[in-house]
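The block underneath contains the structure these notes are about, expressed in structure tokens.
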Amino acid sequence: MGFRYQASAVHAHRDAPAKSDVLAWRTRIGTKYRDQLGAPLAWDEDSAFMDYAVPYYAAQSALLTLAAVLTVRKPGETLPGPGAWVQPDIREVPAMRPEVARLGFAGPYPQLLLDATFWFPFERNMIISEPDWAGTPARCGSLARLLDELDELRLFIARTNRNATTVDDDDDSPKDMLQGAWQASSALKRLCTAAIANRVPVMLVE
């Protein structure tokens, strides 16, 4: 199994605080970052909608590794051909982390790779680093821009090896990085799309 992603009102998670605490935190953060966000920070904290995505470990590893590989590649570097994307080891991602962190938002996939644990429905491509309502350090990204990153990766996969897009969602051992990344991106894209439609955040929960 991989990490579990939940789309819901924040207070609906079993470990979350009262709705009033979430709304007070949202007001404070929204006020502090109003100029950067360009719009009020808002979502439907009364929503009863809840859904999950649990990408298989191998698939999530493939998605993160693919994003990291494409982030740190050098200009003009030749990428592997359709059959050369081997099944990754998730330990490869930390090895690339210093370069990913150095590039920051100059890299193509900050919402996936810069350690966000919440994605809220704001448009600006940024990650807010602030303590959450309980005082725990948190990184909050943009749900819309996360969906953009997933779409961009899926376009790359489809252009590189169309066969990778036919992997069964129930296959817990995709044969290579592109198949796994497609499978994980499918699960997350479905969840992000549902979250946007229902005006709720997505949270990464262990």
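Given the structure is predicted, the values throughout are model-derived calculations rather than measurements.
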Test salt bridge (Lys or Arg N to Asp or Glu O under 4.0 Å) on E130 and K32; report intermediate values, then the result.
CA-CA 11 Å; E130 288 277 350; K32 180 175 180 179; 2.5 Å; yes
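- No chain of hydrophobic side-chain contacts below 4.5 Å, direct or via other Ile, Leu, Val, Met, Phe, Trp or Tyr residues, connects L37 to W119.
- F118 has its side chain out of reach of P201: every pair of non-hydrogen atoms, C-beta onward, lies at least 4.5 Å apart.
- No side-chain donor from either of R154 and T165 sits under 3.5 Å from a side-chain acceptor of the other.
- Between the side chains of R139 and T117, no donor-acceptor pair of N or O atoms lies under 3.5 Å.
- The side-chain contact (heavy atoms from CB on, under 4.5 Å) test with E149 is passed by exactly one of P108, S142, P110: P110.
- The minimum heavy-atom distance between A42 and P121, with the atom names listed, is O-CG, 3.4 Å.
- Between V200 and S47 there is a side-chain heavy-atom pair separated by less than 4.5 Å.
- Here the side chain of E45 pairs a donor or acceptor atom with the backbone of H11 at under 3.5 angstrom.
- Contact of the D51 side chain with the R190 side chain is registered, since non-hydrogen atoms from C-beta on lie closer than 4.5 Å.
- Linking Ile, Leu, Val, Met, Phe, Trp and Tyr residues whenever their side-chain heavy atoms come within less than 4.5 Å places M177 and L113 in a single cluster.
- Counting only heavy atoms from C-beta outward, the side chains of Y33 and F122 never approach each other to under 4.5 Å.
- Between A164 and I157, the shortest heavy-atom contact is CB-CG2, 3.8 Å.
- Between the side chain of T136 and the backbone N or O of D132, no donor-acceptor pair lies under 3.5 Å.
- Taking every heavy atom of both residues into account, A62 and A181 meet most closely at CB-N, 3.5 Å.
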Side chain to side chain contact (heavy atoms under 4.5 Å, CB included) for D148 and E152? Distances and angles first, verdict last.
CA-CA 6 Å; D148 285 346; E152 186 174 329; over 6 Å; no
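- Here the side chain of S185 pairs a donor or acceptor atom with the backbone of W182 at under 3.5 angstrom.
- Between D35 and R124, the shortest heavy-atom contact is O-NH1, 4.5 Å.
- Annotation for R28: atom CZ counts as buried by contact number, over 12 foreign heavy atoms lying within 6.0 Å.
- Closest heavy-atom contact between M203 and A9: CE-O, 4.0 Å.
- Taking both residues in full, the closest heavy atoms of K189 and L150 are given as N-CD1, 3.7 Å, listed atom of the first, atom of the second, then distance.
- Distance CG/L70 to CZ/F156: 4.5 Å, rounded to 0.5 Å.
- In this pair, W133 and W25 present their aromatic rings perpendicular. The plane angle is above 60°, beyond the 30 to 60° band.
- Rounding to the nearest 0.5 Å gives a distance of 7.5 Å between CG of L23 and CG of D46.
- Residues L188 and V202 fail the side-chain proximity criterion, which asks for heavy atoms closer than 4.5 Å.
- With a 4.5 Å cut-off on side-chain heavy atoms, L63 and P55 do not count as touching.
- Counting only heavy atoms from C-beta outward, the side chains of I127 and R145 never approach each other to under 4.5 Å.
- By the rule that hydrophobic residues join a cluster once side-chain heavy atoms approach within less than 4.5 Å of another member, L66 and M96 end up as members of one cluster.
- Following chains of ILVMFWY side-chain contacts shorter than 4.5 Å, one can reach L178 starting from Y109, so the two form part of one hydrophobic cluster.
- In summary, the side chains of Q111 and N125 do present a donor paired with an acceptor at a separation below 3.5 Å, with no hydrogens or angles considered.
- Side chains of L147 and T193 form a contact here, defined as non-hydrogen atoms less than 4.5 Å apart.
- Here the side chain of S61 pairs no donor or acceptor atom with the backbone of Y57 at under 3.5 angstrom.
- Interatomic distance, Q179 CD to N161 CG, rounded to the nearest 0.5 Å: 8.0 Å.
- Residues L204 and V100 are members of one and the same hydrophobic cluster, defined by side-chain heavy-atom contacts under 4.5 angstrom among Ile, Leu, Val, Met, Phe, Trp and Tyr.
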